[in-house]
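In what follows, every chain begins at residue 1, and chains take the letters A, B, ... in the order their sequences are listed.
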Number of protein chains: 2
Amino acid sequence: MSKQEGGCCEGLSDAPLAEDQAVELATMFKALGDPVRLRLLSLIASQPDEVCVCELTPAFELSQPTISHHLKVLRQAGLVESERRGTWVYYRVRPETTDRLAAVLATATGDRRVAAL
Amino acid sequence: MSKQEGGCCEGLSDAPLAEDQAVELATMFKALGDPVRLRLLSLIASQPDEVCVCELTPAFELSQPTISHHLKVLRQAGLVESERRGTWVYYRVRPETTDRLAAVLATATGDRRVAAL
DNA sequence: AGGCTGTATTGAAGTCTGTCTATGCAATGT
DNA sequence: ACATTGCATAGACAGACTTCAATACAGCCT
């Protein structure tokens, strides 16, 4: 999906941000807009490589399906990716995505120098 | 409101992220999780100093109260601040907030070096 | 094969969100 | 004082989101 730009200018302050890009970025930020998902992402990111779901679920006082749902949202936003190995499923962060969002925010500063990516 | 921490360790991957911080950060990210608000922030950030609401409202095909509502959400999240001068109200970005969020995301990378602020 | 454990999906209930119209408040100008 | 313009607030409603219990699916083990 999307063969559009994303090419050069990613910063919030560089261009007024087209509708298409706004929708795409909003999906990612919305995924971060929940305390449970933020803590999930944090737990995944704080581990060297990847984390087993069996470690994530007991870290919350929420049902297993609820955690599974939140992981799905993070996955669909491109923030994490998962891999099944045997009985267990492992999640890891996708740095491309977090870095891109960080770059977008960094340049909202009015920081008009090259916006990284 | 809030005199809490924000003290030293801000990165997503540094610590598993406490519930309190997660709630606080989620509020900010949630504010960014809407295309209209992202475009609003972008419009405000793309201007040298500040932007009059009278310039923002006609940039969308939405009612004036709706734009006003979105600006309120951005304001309450600490992403922008407003000032009334005469008849008009001007909005500007609060770099402290956008920078902080950028820092949080940058360190989700597994980037274990000093997470800036 | 059959049972067991880990994870995902489904369907439903309650809450929150985005949007509108109608209205209120602030500042200017005649 | 009054009318006018710019922005914010209140109330209403449809759609989306979070959560759960129930169920399905996948891979192990005996």
Q: Give one of base, sugar-phosphate or nothing for Leu62(A), where a contact means two heavy atoms less than 4.0 Å apart.
A: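 Sugar-phosphate, no base atom in range.
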Rounded distance (Å) that lies between atom [atom2] of [N] and atom [atom1] of [X]:
{"X": "His69(A)", "N": "dA12(C)", "atom1": "NE2", "atom2": "P", "answer": "17 Å"}
{"X": "Leu71(A)", "N": "dT19(D)", "atom1": "CG", "atom2": "P", "answer": "12 Å"}
{"X": "Leu74(B)", "N": "dG18(C)", "atom1": "CG", "atom2": "C1'", "answer": "14 Å"}
{"X": "Ile67(A)", "N": "dT9(C)", "atom1": "CD1", "atom2": "C1'", "answer": "16 Å"}
{"X": "Glu61(A)", "N": "dC20(D)", "atom1": "CD", "atom2": "C1'", "answer": "15 Å"}
{"X": "Tyr90(A)", "N": "dG27(D)", "atom1": "OH", "atom2": "P", "answer": "14 Å"}

Q. Quick one: do the Arg75(B) and Tyr91(B) side chains pair a donor with an acceptor below 3.5 Å?
A. yes
Donor-acceptor contact present, side-chain [X] to main-chain [Y], <3.5 Å:
{"X": "Ser82(A)", "Y": "Tyr90(A)", "result": "no"}
{"X": "Thr57(A)", "Y": "Cys54(A)", "result": "no"}
{"X": "Ser42(B)", "Y": "Leu12(A)", "result": "yes"}
{"X": "Thr66(B)", "Y": "Leu62(B)", "result": "no"}

Q | Partner set under salt bridge (charged side-chain N to carboxylate O under 4.0 Å, His left out) for Glu50(B), not counting sequence neighbours | A |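 In terms of salt bridge (charged side-chain N to carboxylate O under 4.0 Å, His left out), with neighbours along the sequence ignored, Glu50(B) is linked to Arg85(B), Arg92(B).
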Restricting to non-hydrogen atoms, name the atom on [X] and the atom on [Y] that form the minimum distance, rounded to 0.1 Å.
{"X": "Gly86(A)", "Y": "Arg84(A)", "result": "O-NE, 3.3 Å"}
{"X": "Met28(A)", "Y": "Leu79(A)", "result": "O-CD1, 3.9 Å"}
{"X": "Pro35(B)", "Y": "Ala26(A)", "result": "N-CB, 3.5 Å"}

Q. Within the pair His70(B) and dT19(C), is there a side-chain N or O less than 4.0 Å away from OP1 or OP2?
A.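 True: His70(B) side-chain N/O within range (under 4.0 Å) of dT19(C) OP1/OP2.
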Contacts under 3.5 Å, N or O only, protein and nucleotides 2-7 of chain D:
unit_1 : atom_1 : unit_2   : atom_2 : d
dC7(D) : OP1    : Cys54(B) : N      : 3.2
dC7(D) : OP2    : Cys54(B) : N      : 3.2

(Q) Short of 4.0 Å, heavy atom to strand atom, which residues of residues 26-40 of chain A count as contacting DNA chain D? (A)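 Going residue by residue through residues 26-40 of chain A, the ones with a heavy atom under 4.0 Å of DNA chain D turn out to be Lys30(A), Asp34(A), Arg37(A).
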